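Shown next, in C-alpha cells, is the structure this report addresses.
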Amino acid sequence: MPVTATTRVLGSSPAAAQLIDAVERRTGIRLSVADEAPAEIELFVDPNSSAPEGYTLEIGDRAVIVGADEAGLFYGVQTLLQLLRQDDSGWALLGADVADSPRFARRGVMLDVARHFFGVDDVKKFIDSTSALKLNHLHLHLSDDQGWRVHIDSWPKLTELSAGTSANGDPGGFYTKDDYREIVAYAASRHMIVIPEIDLPGHTHAIGVAYPELVEKPVMNDNLIADSERLGQALPVAGESYLGWGVGHSSVRIHEERTYDFVRDVVRELAEMTPGPYIHVGGDESLGTPQADFDLFAERATAIVVGAGKTPVAWHEMGSAANIAEGTVGQYWGKTTPEGTHAEEAAHFVERGGALIMSAADVTYLDMKYTEDFPLGLTWAAIIDVRSAYEWEPTAVLDVPDAAILGVEAPLWSETTRTFGDVEQLVFPRAAAQAEVAWSPQHGPERVWESFRVRVGALAPLWKAEGVDFHPADEIPWSER
Ligand code: TNX
C-alpha cells in the first residue's frame, strides 16, 4: 500500500507516535493522526490476540497491527517499518500477513561502558537501534578495572576519583543518578529492561583507586603480562588508574566486613533506581582469588542482592560456588562447545533453582572481529562473521532442560571501541542475528541463513535513515533502497 502525506494513523498508544516519527525520519513524510476508524494504518492492543509481546500485522489496502500488549504493538510497528520501501512511484508498505511472538522472553544486549564510557545520548541511540530488533534487555557493565561509571551517594569517591579515564587513557565519564534514571525510563519507553552490573569480586581495580582499603594488591597472571608487553600497556599499579586491557588481577578484600558494607550500599542504591528485577554482580575472571574466598564472596554477594529484593545475575564462574543464592541467574560465556569446568558451573545455577542466559562467546560476542583484518575488536573467542553469529542453537550448548534457558544476550566489550561509531560497527549487523536467534522459532522455512542474509540486507536503508553506522559485511546483499 502507498504511504503518502494523506496516510493517517489511528491509535492512542505511544507506539503510534513512535511510528509517525520513524516514518518521517525515513521518508520525510509526516503522517497525520486519525480521530476515528477507518484509517490507513490502525494500531490496537488486544490481550487475547497473541502471546505476550506478540502481535499480528496485516498489510493490504490498509495496515492493521494488533499487539497483545504495548510491547507487542511496539514490535509490530518495528516490523511494519522494516517493510517500508521506496521505488520510482514513491513510498509503500510491502503486503504482509504476520502472526508473530517471541520464542524467548529474554533477548538482550550488553554495553561495556567501563572500558570506554558512552554518555546518555549514545546509550539512548543504542536503545533505539537494538529495541528496533525486538531486543528487550539492556545489560550495562557499569564497573571494571578501568573505571566506575555510576554515582553512588554513600561512596562518592567512586565517581570523583575512578571515573575520569577509559582504556588506552581515553576520556572517561559517569552517569549521575538523574542520568541513570533517564536511561532506565528511556529504555522502558522502548520496552527494554535495564540490568545494572557491578563486577565483583574481580574487575575491581578502579574501586581501589577511590577506596584503597577495599581492594587487594594486583596479582599478575601470565596472560596479563604477555598481553601488556604485546600491546605496550603498563601493568596495573595499586591505587593508580589502570588503562590497559588485562584481566584477572584485581579482587576486593573478601575477609573485610567493610567490603560487604560497600556491596550492600551499592546494591541498595542501584536497586532503588532499578524497576527491573535483576542486579548483576559479575563474578568473571577472578584469577588471583583463592577458590574458597571466591565461594564465600559469591554466597554473600548473591544473598545481598536477594536481600535488596532483586534477583541476582552472575557470569557462569559464580556457579563454582556451592551456595550461591537460590534462583540466581547465570550468564554463560563459554563456547558453543564448552571447555574446562564452564558447563558444570553453568549447570549449578539450574541446580540451585535458577536459570541461564546464553552468551556463548564464539557466536554472540559482539567485540570479536568479523574477519582477521577487521580493524576493531578482539579474537580470543573466535572470528565471528555474520553467518556464524546466526547459525547456532541456544538450547544445544549445555546439558540442561530447555526450560532453563531464558534466552540470549550479545555482549559488546569496549576495549577497542573508542567512539560510539566503533560500537555500532561491531554491533550491526550481528545484533540482528542474535535478535532472530532469540525471537524466531528454532525451525521454519525463513529461519535459515539464505533468508536471513537477504532480510538483514533490506535493513540497510532503515539503518542509514537512523544514522546507524553498521558494518557492510560482504556476506550480505545490502539493499540500496
Ligand atoms: C572476557 S567474558 C571478559 C571481559 C573482557 C572480554 C573481552 C567476560 C565475562 N569477561 O572482561 O572484556 O573477555 O572479549
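All values below come from the heavy atoms of this structure, side chains included, with hydrogens, waters and symmetry mates left out. One-based numbering, in listed order, for ligands and for the atoms of each. The residues of the chain are indexed from 1 along the displayed sequence. Given the structure is predicted, the values throughout are model-derived calculations rather than measurements.
- In terms of polar-atom proximity, Asp144 is not counted as a contact of ligand 1, lacking any N or O under 3.5 Å from an N or O of the ligand.
- Near Leu378, with a cut-off below 4.0 Å to any heavy atom, the atoms of ligand 1 are 7 (C), 14 (O).
- Which parts of ligand 1 touch Glu285 is read off a 4.0 Å heavy-atom cut-off, strictly below it: atoms 1 (C), 3 (C), 4 (C), 10 (N), 11 (O).
- For ligand 1, the polar-atom distance check against Trp333 finds no nitrogen or oxygen pair separated by under 3.5 Å.
- When non-hydrogen atoms are compared, ligand 1 lies under 4.0 Å from the side chain of Trp380 (C-beta onward) but not from its backbone.
- The distance criterion of under 3.5 Å between nitrogen or oxygen atoms is not met by Tyr365 with respect to ligand 1.
- Using 4.0 Å as the threshold, His203 has a heavy atom nearer than that to some atom of ligand 1.
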(Q) Run His348 and Glu351 through side-chain hydrogen bond (donor to acceptor under 3.5 Å, both in side chains) and show every step you take. (A) CA-CA 5 Å; His348 188 55; Glu351 290 151 15; 3.0 Å; yes
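- Both the sub-6.0 Å distance and the 45° axial angle are not jointly satisfied by Arg149 relative to the ring of Phe174.
- In this structure, atom 11 (O) of ligand 1 lies nearest to the protein heavy atom Arg115 NH2, 2.9 Å.
- Taking the centre and axis of the six-membered ring of Tyr370, the NZ or CZ atom of Arg387 falls outside the cone set by 45° and 6.0 Å.
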**Q.** Criterion side-chain hydrogen bond (donor to acceptor under 3.5 Å, both in side chains) on Glu269 and Ser154, from CA distance to verdict
**A.** CA-CA 8 Å; Glu269 292 194 34; Ser154 52; 2.7 Å; yes
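- Look at Lys369 and Glu372 and you find no salt bridge, because none of the NZ, NE, NH1 or NH2 atoms lies under 4.0 Å from a carboxylate O.
- Looking at Asp367 next to ligand 1, an N or O pair under 3.5 Å apart turns up.
- Residue contact annotation: Met368 has a non-hydrogen atom under 4.0 Å from ligand 1.
- Close contacts of ligand 1 with Glu415, meaning ligand atoms under 4.0 Å from a residue heavy atom, involve 5 (C), 7 (C), 12 (O).
- Side-chain N or O atoms of Arg115 include none that pairs as donor or acceptor with a backbone N or O of Asp112 at under 3.5 Å.
- If you check each of Asp145, Val247, Asp284 against atom 9 (C) of ligand 1, the one with the closest non-hydrogen atom is Asp284.
- Taking 4.5 Å as the limit, some side-chain heavy atom of Leu214 sits within range of a side-chain heavy atom of Trp155.
- Under the 3.5 Å distance criterion, the side-chain polar atoms of Ser228 are left unmatched by any main-chain donor or acceptor of Leu235.
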